[in-house]
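Per chain, numbering begins at 1; letters A, B, ... match sequence-line order. Only this structure's heavy atoms are used, side chains among them; waters, hydrogens and symmetry mates stay out.
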Amino acid sequence: MNNFITNIINNDINNGLDIKKIKFRFPPEPNGVLHLGHIKALYINFYLAKKYNAKINLRFEDTNPINIKYKYINNIINNLKWLNFKYNNITYVSDYFNILYKLAKILIIKKKAYIQIFKNNKLYNINNIEHNLHIFHNMKYGKYNKNYILKAKINNINTNNYYINNPIMYRIINYKHFRTKYNWNIFPTYDWSHGQSDYIENITHSLCSTEFIIHKNIYNWYLNNIYNKNFNKILPKQIEFSRLNINNTITSKRKINILIKKKIINNLCDPRLLTINSFIKKGYSNKYLIDFIKVIGYSKRNNNININLLNNIIKNNLIKKSIKLMVIIKPFKIIIKNFKNNYIKWIYLKEYNKIIPFTKYIYIEKKDFKIKNYNNFYRLCINNYVRLKYSYIIKIDNITKNNNNYNIYCSIYNNNKINKNNIKSTIQWISNKYYLKIKIILYDYIFINNNKIYNKKIKILNAYSNIIIENIKINKIYQFHRIGFFYFYKYINKIYYFKKIILFNNKNNLY
RNA sequence: AGACUUGUGGUGUAAAGGUAGCACCUCAGAUUUUGGUUCUGAUAGUUAAGGUUCGAAUCCUUACAAGUCUGCCA
């Protein structure tokens, strides 16, 4: 894999960076679950770590006690385990609160940081160093209300953007932190803590998404003002790449939460979401997702990837290994003339070492039958030979009509006597006596029409399967012959429930 | 509105001043006990204009377009 990131690192090596010192980090905030976009960020870091034989830290960005929740830490660790991304250390920004506090005091002494107070609808800046230190100390011990903040004094950056010019380093938050408890009343902001954490951990290349480009000046300003030659440390370098955008769905935590509030989705495991938890629940292998990430690559430009690319990769992976079931959604009865009423022919399926029953009356899918052939209809109609999957070649002999019901009489034909070119279709079937009741849950992408309109449709269909299902496991993925891929997720009242993963091409109006 | 970033076939991504390549999509043919898969092939591209250069997707200028940011979130 070659991209602008490897180019930058190779340049750094050519310019004297010791290859042994290269180190990366993955810094999630434990405020939600990981999704496909995180896999993109993870993969580049772990790919580079492998390429340069470098170390990599999993760093939890727990700077804001209000946002973070302990349960997400375990979830992230388990997700990484499932993805088989092996990091060297787990670190927490909260471990650096003491160091960050000391560094902030150094900036105050250097007159690079100052306290700002909001009082009587006015902002007051403190100039005196001793006074600043005194207030900062008292802020730490909770002696002030939220109107006190510590700001960095960056006046050199050529911008009229006030936020960028005077970023906040510390704000007062009176909230229990899950690790430091009530020890701190002030918490560092992302801007202040992130670059410093990279520096403390000896990270050489700090990869993030392009929305942080505007913060790069702050990142570098802090580092340059903290950098101490005596420590013999390398200044980390922020490199940005564009975040993952996929049409017809979303990944952003904020937008997912809106959908949950609007009750369009129930939870973070909803199969329509691209969260790692949903992938695990759907029985995916991590390989499918990494294959996808490898294909889409990395750049700085805005992108919009068609979700079918992901679906194709999943489909091509599944096609090799999933068990095939014959499933009928809308049964249509046909009669085999050659068979006697109670005769059962057991057909042996070598692939699965199982037998399935074939009887006089069988059901095929309603859409697999038409009386007359038009528009190149390959399936069952007058004059068409059709192969029933795993069993006989049939053709319609005659059709009778009672009321509104057709009776379709078919004859079995010898495999060897029919020209192969005349059999254009192999369709699924079930015996009218032996089958399993199943339910299929179908849903569409969350968004239609370029991510602007919600798609709430969820269909639950009754269907029938041949009886090959045994030792069925939750989360196991099955292929429904000619329909698509589904995963089994529950068994209630003698009914097996399956949820959609991917449907096969539907343009010929199969279903 | 400003600041910043980015513009390569329909989509995604390579080419670090020297042959515009790869993958997906689409289309066609072959294979096929899935109208699936697989295989072969075809179509199609450097946002625009100017400049530097023997030579520009690449460097410079201008225009245009898209995205991000303008949070005491990260």
Side-chain angles (χ1 to χ4, degrees), chain A residues 1-4 6-8 10-11 14 27-32 61-64 66-68 93 116 118 146-151 157-165 167-173 186-191 193-194 208-217 240 242-247 253-254 292 294-313 315-316 318-320 324 326 368 376-379 386-393 415 420 423-428 479-485 502-510:
Chain A
M1 187 164 68
N2 247 356
N3 55 43
F4 76 102
T6 55
N7 288 345
I8 290 172
N10 288 336
N11 270 345
N14 291 336
E29 186 189 20
N31 71 338
E61 299 263 319
D62 56 348
T63 53
N64 189 335
I66 296 171
N67 288 350
I68 57 183
V93 176
Q116 187 176 72
F118 181 71
K146 290 176 185 173
N147 294 339
Y148 289 68
I149 51 176
L150 183 72
K151 295 187 100 176
I157 293 174
N158 183 22
T159 173
N160 54 8
N161 184 330
Y162 188 75
Y163 163 70
I164 295 298
N165 221 339
I168 291 164
M169 295 173 69
Y170 278 96
R171 72 284 207 206
I172 292 171
I173 299 175
I186 52 171
F187 289 90
T189 56
Y190 164 86
D191 279 322
S193 69
H194 194 85
C208 60
S209 53
T210 48
E211 65 214 83
F212 291 101
I213 283 179
I214 201 151
H215 299 250
K216 197 173 191 167
N217 284 332
E240 313 85 6
S242 62
R243 51 167 288 150
L244 177 71
N245 295 306
I246 298 189
N247 61 12
K253 288 175 199 164
R254 191 176 55 82
F292 171 73
K294 279 183 191 167
V295 165
I296 60 166
Y298 294 84
S299 73
K300 277 182 113 151
R301 81 191 69 147
N302 190 35
N303 59 68
N304 193 13
I305 292 163
N306 192 323
I307 197 162
N308 286 326
L309 184 58
L310 175 62
N311 289 343
N312 278 343
I313 286 167
K315 183 163 68 179
N316 292 350
L318 287 176
I319 207 128
K320 294 167 200 159
K324 286 173 211 136
M326 293 196 288
D368 285 342
N376 289 329
F377 187 74
Y378 296 163
R379 291 158 262 164
V386 163
R387 176 176 272 117
L388 296 172
K389 177 76 179 169
Y390 302 125
S391 58
Y392 303 103
I393 294 163
N415 212 338
K420 263 193 171 183
I423 311 162
K424 288 197 169 173
S425 175
T426 301
I427 63 173
Q428 65 269 44
Q479 183 186 153
F480 292 177
H481 192 241
R482 293 169 66 229
I483 300 174
F485 294 100
I502 290 159
L503 298 182
F504 288 137
N505 246 343
N506 207 14
K507 53 185 171 182
N508 291 299
N509 195 23
L510 221 56

Ignoring backbone atoms, establish whether Asn217(A) has a side-chain N or O less than 4.0 Å from OP1 or OP2 of A3(B). no
Distance test, side-chain N/O of Asn10(A) to OP1/OP2 of A16(B), below 4.0 Å: no
CG of Asn303(A) versus C1' of U5(B): gap in Å, rounded? 14 Å
Please work out if Lys216(A) contacts a base, only the sugar-phosphate, or nothing of the nucleic acid, heavy-atom cut-off 4.0 Å. nothing
Assign Asn31(A) to base, sugar-phosphate, or nothing according to its heavy-atom contacts below 4.0 angstrom with the strands shown. nothing
RNA chain B: stems of at least 3 consecutive Watson-Crick or G-U pairs whose donor-acceptor distances fall under 3.5 Å: B:1-7 with B:64-70, B:10-13 with B:21-24, B:26-30 with B:38-42, B:47-51 with B:59-63
Using the P atom as the point on both nucleotides, what is the distance between A42(B) and G21(B), in whole Å? 12 Å
Polar-atom pairs under 3.5 Å, protein N or O versus N or O of nucleotides 64-68 of chain B: list them with distances, or write none.
none

Between protein and nucleotides 7-9 of chain B, what N or O pairs are separated by less than 3.5 Å?
| residue | atom | partner | partner atom | Å |
| --- | --- | --- | --- | --- |
| U8(B) | OP2 | Arg301(A) | NH1 | 3.2 |

Gap between atoms CD and P, on Glu29(A) and G71(B) respectively (whole Å): 18 Å
Give a yes/no on whether any side-chain N or O of Lys320(A) is located under 4.0 angstrom from OP1 or OP2 of U37(B). no
Applying a 4.0 Å non-hydrogen cut-off, can you work out what Lys389(A) is touching in the nucleic acid: base, sugar-phosphate, or nothing? base
By nearest-heavy-atom nucleotide on RNA chain B, the more 5' of Ile319(A) and Ser242(A) is Ser242(A)
Using atom CE of Met326(A) as one end and atom C1' of U33(B) as the other, report the distance to the nearest whole Å. 11 Å
List the atom of Glu240(A), the atom of Thr210(A), and the distance in Å for their closest heavy-atom pair. CB-CA, 3.8 Å
Can you check the Ile296(A) CD1 to A23(B) C1' distance for me, whole Å? 12 Å
Minimum-distance nucleotide (side-chain atoms of Ile305(A) versus U13(B), C73(B), G12(B)): G12(B)
Can you figure out which of U34(B), C73(B), U6(B) approaches the side chain of Lys300(A) most closely? U6(B)
Which part of the nucleic acid does Leu309(A) contact within heavy-atom distance under 4.0 Å: base, sugar-phosphate only, or nothing? sugar-phosphate
If you compare all heavy atoms of Arg482(A) against all heavy atoms of Asp368(A), which two are closest, and at what distance to 0.1 Å? NH1-OD2, 3.0 Å
May I ask you to say what Tyr170(A) touches in the nucleic acid, namely base, sugar-phosphate or nothing, with a heavy-atom cut-off under 4.0 Å? nothing
Which pair of non-hydrogen atoms, one from Val386(A) and one from Arg379(A), has the smallest distance, and what is that distance? CG2-C, 3.5 Å
Is any side-chain nitrogen or oxygen of Asn312(A) closer than 4.0 Å to OP1 or OP2 of C25(B)? yes
Are Tyr378(A) and G35(B) stacked, counting the six-membered base ring, centres under 5.5 Å, planes under 30°? yes
For the pair made of NE2 in His215(A) and P in C72(B), what is the distance, rounded to whole Å? 11 Å
With a 4.0 Å cut-off on heavy atoms, is Asn64(A) in touch with a base, just the backbone sugar-phosphate, or nothing at all? sugar-phosphate
Report which part of the nucleic acid Lys420(A) touches: base, sugar-phosphate, or nothing (heavy-atom distance under 4.0 Å, all strands). sugar-phosphate
Given the side-chain rings of Phe504(A) and Phe485(A), with only the six-membered ring counted for Trp, is the space between their centroids under 6.0 Å? yes
Please measure how far the C1' atom in G45(B) lies from the corresponding atom in C22(B), and state the result in whole Å. 13 Å
Using a heavy-atom cut-off of under 4.0 Å over every strand shown, decide if Phe292(A) touches base, sugar-phosphate, or nothing. nothing
Return yes if some donor-acceptor pair links the side-chain N/O of Thr189(A) with the main-chain N/O of Ile168(A) below 3.5 Å, else return no. yes
Take atom CZ of Arg243(A) and atom P of U5(B), then tell me their distance rounded to the nearest Å. 20 Å
Does Gln479(A) make a side-chain donor-acceptor contact with the base of U34(B), cut-off 3.5 Å? yes
Got Ile305(A) and Asn247(A) here, is their nearest side-chain heavy-atom distance under 4.5 Å? no
For Thr63(A), answer base if it contacts any base atom (sugar-phosphate contacts may also be present), sugar-phosphate if it contacts only those atoms, and nothing otherwise; contact means non-hydrogen atoms under 4.0 Å. sugar-phosphate
For a quick test of reading the model: is some side-chain N or O of Arg171(A) closer than 4.0 Å to OP1 or OP2 of A74(B)? yes
In terms of side-chain heavy atoms of Lys324(A), which of U34(B), A16(B), A74(B) is nearest? U34(B)
Atom P, compared across C4(B) and A63(B): separation rounded to whole Å: 14 Å
Heavy-atom closest pair (Ile68(A) atom, Glu29(A) atom, distance to 0.1 Å) is CG2-CG, 4.1 Å
Nearest-nucleotide comparison on RNA chain B, the residue closer to the 5′ end among Asn308(A) and Asn14(A): Asn14(A)
Classify the nucleic acid contact of Lys146(A) as base, sugar-phosphate or nothing, counting any heavy atom under 4.0 Å across all strands shown. base
